[in-house]
Each structure stands twice: as C-alpha cells, then as structure tokens.
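What follows is a set of notes on a single structure, which appears directly below.
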Protein chains: 2
Amino acid sequence: MADMKTTIKSVSIDLFFKKGYFATSISDIAGGSGIQKASIYYHYASKEDLLFHILTSTMDDLTSALKQGLAAAQGIEQRMRAAVRSHVCFHLERQKENFIANAELRGLTADHYRSIVNKRDEYESIFQDLIRQGTDEGVFADVDVKILSYAILTLCTAGATWYNPNGRLTVDEIADIYENFIISGLKQGRFERPAGR
Amino acid sequence: MADMKTTIKSVSIDLFFKKGYFATSISDIAGGSGIQKASIYYHYASKEDLLFHILTSTMDDLTSALKQGLAAAQGIEQRMRAAVRSHVCFHLERQKENFIANAELRGLTADHYRSIVNKRDEYESIFQDLIRQGTDEGVFADVDVKILSYAILTLCTAGATWYNPNGRLTVDEIADIYENFIISGLKQGRFERPAGR
DNA sequence: CAAAGTTTACCGACCGGTCGTTAGGTAAAA
DNA sequence: TTTTACCTAACGACCGGTCGGTAAACTTTG
C-alpha cells in the first residue's frame, strides 16, 4: 500500500538503473507507475527533482549506515574493517540507487550537484580520517591518504555495477573478500611478525 | 592538419566525456568541429556509429598495450605488476575515452554492445589468468579469481574518473601506489619472511 | 447532520522546442 | 566527368512541462 509518491520513486530507480536517467522519459515512469505523465508533476516538480530526491536519500542513508557501523567498532583496524563492510553491504543491498548515484550526477542542476558532492565529500572524509589515524599509529603503511581513500571507495562502489543478487556469493562473503583485500593493501607487509622487529 | 573524420571523433570524445553521450547532440559535435550537423553523416553513419568507433578503438588499443607490457615481464609477480601498470597508465593517459568506455555502453545497439563486452571479457581474462597462476604458484594468497580481477580492474578504471592531469601526482606515481596496493592485497601477508618460516 | 467549501490526486490535450536523420544541391578537386 | 566534402532546408518523432478541468475525499459551518 505504498503511496504514489513512493511508487514513482521506486519505479524511477528501476528505470534509471536499467536504461539511464537521460534515456528514461517521464512517460516511461508514468507508465510504470500506472498513471498519466501529467500526474508525475503533482508529486515532483521536475524530472531533475525526482533524481535529486533519489540521490539525497541514498547519500543520507549511506552516511548514517556508516556511522552506525563505526559506533560499535574499537581499534583502528577493526574500525576500518567495519567501515569497509558497511560500505560494501550498503552498496550491494541498495545496488540500483548506488549505481545511479555514481552514474547520473551529470543530470543534476549546479546547486543540486553541489549538494550531493558535499555529502559525498563528507562521507569520504570519514574514510580519510581512518586511513590517517591508521598510518599515524603505524598499523597501516605510510600510504597516500587521498588516493587510497578513492581506491577503497571506488573498489566497493564498483561492486554495485557487477553484483548479481542471485549469483554465486552472498553479500557477506563479498564483504569478507573486500575487507581482507583492503586491509592487506593498507598494511603492505606490516603484519605482526613472530617476534620483535 | 588532422582530417575531418579524426576531428569529429576527437571533438566527440571531449563532449561525451564532459556532458555524456545522451546529453551531447549532433549539433554540438558539428559546432565543435566547425561544420554543419548534416556533414557529420558524410563521415559517420549515425551518432551510435560514432560512439561505437570510439569504444572499439579504445578497447583495441587497451588490449594491445597490455600485451605489449606483458611481453617483457618475467615471473608472476613482475607480470602482474606490469599488467597493473599498463592498465593504470592507459586509463590515465587516455582518460576521456576510457571514462566513456565505462559509462556509455548503454548507448550502443545490442550487436555493438556485445562486440564491446566481448573485447572487455577477453581483456579481463588475461588478468584472471595471471591471478590464477599466482595462486597456483603460491605467490598470491588463495583469493577469489573473479572478484579480485573485477577489483583490480575497477580500481584502476576509477582512476579515469577522478584523475586530474594537472594534479599533485604524475601518472607514474599513481601507478606505483596502485601497484603496491594491489600486490599487497593479492599476497595478503605472504611476504618473504626474514628467514625460514 | 447536512450543505457548502476546499483540498487532494489525478486526467486528456496540448505546447514550444530539440532531437537524429535525410534529401537534394553545389563547388572544388581528381 | 566523376567523386569528394560539404551545405541548406526540412522531416517526423518525441521530449519535458503546462493548462484547465474533475471526481472524490476531507473540512468547515449553519
């Protein structure tokens, strides 16, 4: 019994994911929602407004999921593991929205673009702080913070591109693989040696 | 004194990169090339044909760069390092085309889409073979070949999204960072220990 | 409690504009 | 005389968005 505004949004997510924002017409969305295209404008001001709503809620949920995931974790390695896991799981569980969020930013007006990029920057900075802390503590190798944060984020983000919910691996299994890969890449050989240096 | 066909292609690459394939009109391309839009059709059969030409040449050059990079390298670790380096450098040096190749596949007809995806699969399989060989030889940890190959490729591909040619780091420096990060992630602690186990 | 007013959620018809593409023509080069 | 490389003009399709209207649901009021 979802209301029409929610239906329109979810139909749009499906279509934007499948065909892309520019290739999806208001008529397509209306047809998928079971109403006439003029009625879309009762619920959303414009096609771009609809895209902006999708991206905003996705980014907000993404960030709050990360903060929630970090709240419980202690110690820099465990915190980074929690962050990676949160990032991966969110992207795989809400694959379509995240795919759109990474592919259709160009559909936004300048103001809305800024708004979303600001949210993304805030999210990224959490990861960058974790990396910085890890290198300061000597747990991670002395890596380039910017590049490595991009690497970690795009790595997991890319999962939303190829992930198949009916595929061979579960979300948790994929998260395990990424977690180990990334932590190894951050440590770069700094594993606890049998004895002193 | 590039001929007009080449000019049109390179103007299209610039515009597809900046505004996206669907948001770029034939008029835009014609304007940027200094001719009328009808004249585009003397050189290319359609807008989609133009996109297909761009993607085909990009994929072909990408694969031959990889094969060339691998020809000189010996030993699985060195071969993987060479592969990563080739991939990173190609993506950063031909940033725009690679960005398009990863973002605009949806603009293709079914036949052309298949053609490009086949080329991409062939390219991926080279990386998958390298990973498989590395795990067989015990140089790399026992990782999931499919996922790790996607990880490696998307990692470097993402570079084409954020790379700034006038930025802080050179292509070679970025390639170094990725090379070490990826090799560490593949080895997952299997570094040569000071002495016997 | 019923009549009157107001709001909600939708519709069909239409608009100006842009799109990719084609037809037919032309002037210079081969 | 044919080919090359472009042009002007126009085509039909489709796009996002607006307009005026309407039936049903709520809210207010006598």
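The structure presented is a predicted model; accordingly, all values stated were derived computationally and were not measured. Just the heavy atoms: all of them, side chains too, but no hydrogens, waters or symmetry mates, feed the values below. Reminder, nothing fancy here: chain letters follow the sequence lines and each chain counts from 1.
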(request) Would you please name every residue forming a side chain to side chain contact (heavy atoms under 4.5 Å, CB included) with Glu173(B), sequence neighbours left out? (result) Leu169(B), Thr170(B)
Are there any protein N/O atoms within less than 3.5 Å of an N/O atom in nucleotides 3-6 of chain D, and if so, which ones and at what distance?
residue : atom : partner  : partner atom : Å
dA5(D)  : OP2  : Tyr42(B) : OH           : 3.0
dC6(D)  : OP2  : His43(B) : NE2          : 2.9

(request) Can you sort out which residues in residues 106-115 of chain A have a heavy atom within less than 4.0 Å of DNA chain D? Ascending by number, please. (result) none
(request) Could I get the full list of salt bridge (charged side-chain N to carboxylate O under 4.0 Å, His left out) partners for Lys47(B), not counting sequence neighbours? (result) none
(message) Given the ring of Tyr44(A), does Lys5(A) sit roughly above its face, with NZ or CZ under 6.0 Å from the centre of the six-membered ring and within 45° of the axis?
(response) yes
(request) Go through the structure and list residues passing salt bridge (charged side-chain N to carboxylate O under 4.0 Å, His left out) with Arg106(A), not counting sequence neighbours. (result) Glu104(B)
Between the protein and nucleotides 28-30 of chain C, list the N/O to N/O atom pairs that are separated by less than 3.5 angstrom.
none

(message) Using the side chain to side chain contact (heavy atoms under 4.5 Å, CB included) criterion, which residues pair with Asp61(A)? Sequence neighbours excluded.
(response) Phe90(A), Arg94(A)
(request) Give the C-alpha distance, both sets of side-chain angles, the deciding distance and a yes or no for side chain to side chain donor-acceptor pair (under 3.5 Å) between His87(B) and Tyr123(B). (result) CA-CA 10 Å; His87(B) 187 73; Tyr123(B) 184 76; 2.6 Å; yes
(message) Between the opening five pairs and the closing five pairs of the helix from dC1(C)-dG30(D) to dA30(C)-dT1(D), how far apart are the helix axes, to 10°?
(response) 0°
Below 3.5 Å is the cut-off: list the nitrogen or oxygen pairs between protein and nucleotides 15-20 of chain C, distance only.
residue : atom : partner  : partner atom : Å
dG20(C) : OP1  : Thr24(B) : O            : 3.4
dG20(C) : OP1  : Lys47(B) : NZ           : 2.7
dG20(C) : OP2  : Ile26(B) : N            : 2.8
dG20(C) : N7   : Lys37(B) : NZ           : 3.2
dG20(C) : O6   : Lys37(B) : NZ           : 3.4

(request) Return the set of residues passing salt bridge (charged side-chain N to carboxylate O under 4.0 Å, His left out) with Lys37(A) (not counting sequence neighbours), or none when no residue passes. (result) none
(message) Could you work out, with salt bridge (charged side-chain N to carboxylate O under 4.0 Å, His left out) as the rule, every residue matching Lys9(A), not counting sequence neighbours?
(response) none
(request) Taking all non-hydrogen atoms of both residues into account, name the closest pair between Glu48(B) and Thr109(B) and its distance. (result) OE2-N, 2.9 Å
(request) Could you pull out all residues at least two apart from Val145(B) that satisfy side chain to side chain contact (heavy atoms under 4.5 Å, CB included)? (result) Gln128(B), Ile131(B), Arg132(B)
(request) Give me the ring orientation class for Tyr150(B) and Trp162(A): parallel if the planes are under 30° apart, tilted from 30 to 60°, perpendicular past 60°. (result) tilted
(request) Check Ile35(B) against Ile8(B) and note the closest heavy-atom contact, atom names and distance. (result) CD1-CD1, 4.0 Å
